[in-house]
Amino acid sequence: MQYRYDGTYEGLLTVIFDSYANRRRATSITTDSPEVQLALSSCRTTTDKSKADRVLKKMKEICGKKVSLFFFKNFLSEKEEREMNIYRFIQRVIRENKNVLGDFRDPLIVEMQRTIKQVDREVHRMHAFVRFQETTDGKYMALIRPDFDVVPLIGPHFVKRYPGFEWVIYDIQRHKGIHFTEGQLVYVKGNALMKSELSHDDLTGREKAIQGLWRTYFRHVSIGERKNDRLHVQHIPKRYWPLLTEKNE
Amino acid sequence: MTERVLEKLSILSDAAKYDVSCASSGSVRKNTPGGMGNATGMGICHSYTADGRCVSLLKILLTNHCIYDCAYCVSRKSNDVKRAAFTVQEVVDLTVEFYRRNYIEGLFLSSGIFRDADYTMERLVRIARDLRQIHRFNGYIHLKAIPGASEELLHEAGMYADRLSVNLEIPSEMSLKKVAPEKNYASVYKPMNYLKESITEYKAEKKVSKKAPLFVPGGQSTQLVVGATEENDFQIMKLAGNLYDEQKLRRVYYSGYVPVSNDPRVPALGSAPLIRENRLYQADWLLRFYGFTVDELLSEDYPDLDLDLDPKMRYALRHPGEFPVDINRDPYSRILRVPGIGVKSAKKIIRARKFGKIRMEQLRKLGIAWNRAQYFLTDGGVPARLLEKDPALVEGRFLSLKGRTDQLKLFA
């Protein structure tokens with residue numbers, strides 16, 4: 001049977017819960033969109049957090065706590081097969097009633113673990129490539145454009161590191177972000193306060209001076225005799241350049 | 001921050017860049033109330049230079065004025081370069097402002113020796129102290145321990161720094177005396193030994209009481225310049241092995257000598273020996289994470305690492321009797337010895353085989369470097385190919401395949 005859901009993580013888990021409750025196996029799980037044809041057998045699932053929680057609870061009982069991040073990161077990868085991968089994984093766990101997270105003989109698990117690695121790497125990149133800019137309204141703004149939807153994963157790192165001032169990290173492609181203010185981390189979506197671009201006039205004088213210093217530093221730490229463009233691009237792929245202070249004069 | 005700081009930053013980052021250490025890992029330091037920053041143990045490279053090296057720390061010299069005249073060093077007294085010196089406040093401000101914007105993990109501060117060792121060390125310590133106490137900065141701080149500085153100053157440095165390093169620079173004392181007449185090994189080992197003992201004491205204390213203060217939690221490191229003097233790889237790795245085992249260093253860095261000098265005491269190299277440097281790092285990794293000893297990799301008969309083959313591959317080809325390794329039966333330590341299998345893959349294999357027998361085709365997909373690993377493995381059924389007949393055959397096959405892909409890369 002073909003299932004459709006609202007595109008949320010809880011929605012996906014609800015679908016999986018229903019497929020077991022109704023004993024009707026999923027042949028596809030897709031998100032609502034105008035382009036998706038209303039196939040006869042497809043049913044639009046109503047997201048139910050308590051059902052989602054029950055799926056997670058059961059999985060944690062069998063596979064241990066780590067399994068929820070395993071699912072969530074696969075979900076955030078936005079890969080086309082993510083829903084069916086999670087579903088197939090759950091099927092195998094239910095069938096064998098054991099923790100199979102480490103069974104690297106299984107191509108499904110190899111693929112899902114690879115996705116975890118990719119998502120983790122993107123999280124690590126965001127820890128590295130976020131560049132805060134001091135704006136005239138007293139905030140520190142960072143614009144990002146990650147490969148996966150990692151905004152829900154990067155908050156804790158920055159909260160621990162920068163608890164002393166107000167900051168925003170905003171995904172300009174997905175129009176969502178996190179806003180740290182008065183000791184609280186708030187998730188924001190398509191907020192009018194957020195900008196997808198910062199102009200020269202948005203920045204404080206001090207900000208411009210510091211950026212100048214950082215660019216100077218970046219230029220001077222390179223050793224000309226060792227120049228290696230291939231290695232450089234391998235470490236900082238070009239798609240990240242537009243939002244990196246040091247790569248823009 | 002003014003034009004003057006901009007100029008100082010240019011000069012003093014230029015002068016600091018030949019120290020290749022940039023790690024911000026291996027130290028865990030939590031943020032404190034009202035403070036900024038932390039060290040997570042992981043280390044983060046916030047950017048990469050045009051030569052592909054990690055930019056993790058603000059790496060600068062406090063000054064490039066120096067009373068010494070070491071031939072390999074760009075800041076040597078006799079070299080005609082522009083000189084500059086930061087004030088304590090300037091370094092503190094730069095660190096805080098860069099850190100706040102998430103440009104860096106912290107500060108790596110070194111210095112030329114001006115006036116004397118204590119005078120220099122005192123200023124390095126003051127910067128670290130201001131950062132920790134006034135700004136409650138909990139990011140990463142790496143300071144140079146200046147040979148000849150008093151134990152009191154070294155101790156205080158250790159209370160603020162995540163890592164301290166004294167550079168040996170030249171891999172034998174005989175060569176060191178030739179290129180740096182004012183230096184000797186004893187002066188370098190003295191602070192290293194003092195710090196080693198203090199670190200051990202504080203670690204013991206920390207085990208008893210969680211409230212014991214941190215003392216250089218990221219440990220000590222050092223740098224060896226490669227190619228400026230005549231030591232072979234066997235001598236260099238012997239020294240490194242000794243530094244890890246006896247001095248308890250966390251890292252030894254190898255810096256392929258970049259000709260910064262037309263000083264007749266050092267050779268005029270066309271370019272930095274980058275491949276050799278890379279091989280030394282690979283060998284270093286084999287010592288630290290793969291359970292190899294120096295004597296397994298190098299000897300009087302084979303005193304240099306192979307430039308064409310990585311040291312693990314070379315080892316395997318020289319010891320065909322140790323292979324093939326059975327991925328389903330052999331212990332972790334043996335699987336780790338297979339070329340093309342890293343620590344992560346070896347752990348995956350151990351995890352996966354608990355679920356049942358791993359077949360070759362499953363292994364291929366697991367993320368190992370099959371082009372190297374294939375000659376050294378068996379799954380119990382399929383025997384390793386070629387190796388038992390003739391290691392030279394494997395080497396030839398591997399090198400010709402490698403040559404072909406290298407060429408393709410060149411023309412890509």
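Chain A is the first sequence line, chain B the second, and so forth, proteins listed ahead of strands; every chain is numbered from 1. These values consider heavy atoms only, across backbone and side chains, with no hydrogens, waters or symmetry-generated copies. Please read all numbers here as calculations on a predicted model, not as lab measurements.
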Heavy atoms only, distances under 4.5 angstrom: which of [options] has the most pairs with chain B? Name it, please.
{"options": "A:Asp229, A:Ile223, A:Thr216", "answer": "A:Ile223"}
{"options": "A:Phe218, A:Phe158, A:Trp214, A:Phe132", "answer": "A:Trp214"}
{"options": "A:Arg114, A:Arg206, A:Gln113, A:Arg219", "answer": "A:Arg206"}
{"options": "A:Gln234, A:Gln211, A:Lys160, A:Glu207", "answer": "A:Glu207"}
{"options": "A:Glu111, A:Glu134, A:Lys227", "answer": "A:Lys227"}

- line: Between A:Phe129 and the options A:Ile236, A:Leu243, A:Ile144, the side-chain contact (heavy atoms from CB on, under 4.5 Å) test singles out A:Ile236

- request: Check B:Ser27 against B:Ala39 and note the closest heavy-atom contact, atom names and distance.
  value: O-CB, 3.3 Å

Please state whether the side chain, the backbone, both or neither of [X] comes within less than 4.5 Å of a heavy atom of chain A.
{"X": "B:Glu277", "result": "side chain"}
{"X": "B:Arg100", "result": "both"}
{"X": "B:Ile60", "result": "side chain"}
{"X": "B:Lys354", "result": "neither"}

message: For B:Tyr48, is there any backbone N or O sitting under 3.5 Å from a side-chain donor or acceptor partner on A:His232?
response: yes

- prompt: Backbone N or O of B:Ile327 within a donor-acceptor pair of the B:Arg353 side chain at under 3.5 Å?
  reply: yes

Taking the basic N atoms (NZ, or NE/NH1/NH2) and the acidic carboxylate oxygens, is any pair closer than 4.0 Å for [X] and [Y]?
{"X": "B:Arg29", "Y": "B:Asp162", "result": "yes"}
{"X": "A:Asp147", "Y": "A:Arg239", "result": "yes"}
{"X": "A:Lys79", "Y": "A:Glu81", "result": "no"}
{"X": "A:Arg174", "Y": "A:Glu78", "result": "yes"}
{"X": "A:Arg125", "Y": "A:Glu122", "result": "yes"}

task: Could you tell me whether the side chains of B:Asp379 and B:Asn328 share a donor-acceptor contact shorter than 3.5 Å?
output: no

Between [options], which residue shows the highest count of heavy-atom pairs closer than 4.5 Å to chain A?
{"options": "B:Leu274, B:Ile350, B:Ile349", "result": "B:Leu274"}
{"options": "B:Lys30, B:Gln362, B:Lys348", "result": "B:Lys348"}
{"options": "B:Gly52, B:Gly34, B:Gly139", "result": "B:Gly52"}
{"options": "B:Arg351, B:Arg101, B:Lys17", "result": "B:Arg101"}
{"options": "B:Ser13, B:Ser10, B:Gly37", "result": "B:Ser10"}
{"options": "B:Pro33, B:Gly356, B:Cys45, B:Gly35", "result": "B:Gly356"}

- prompt: If we only count heavy atoms from C-beta on, is the A:Val100 to A:Val93 side-chain gap below 4.5 Å?
  reply: yes

Given a strict heavy-atom distance threshold of 4.5 Å, which part of [X] is in contact with chain B: side chain, backbone, both, or neither?
{"X": "A:Val221", "result": "both"}
{"X": "A:Leu101", "result": "both"}
{"X": "A:Lys247", "result": "neither"}

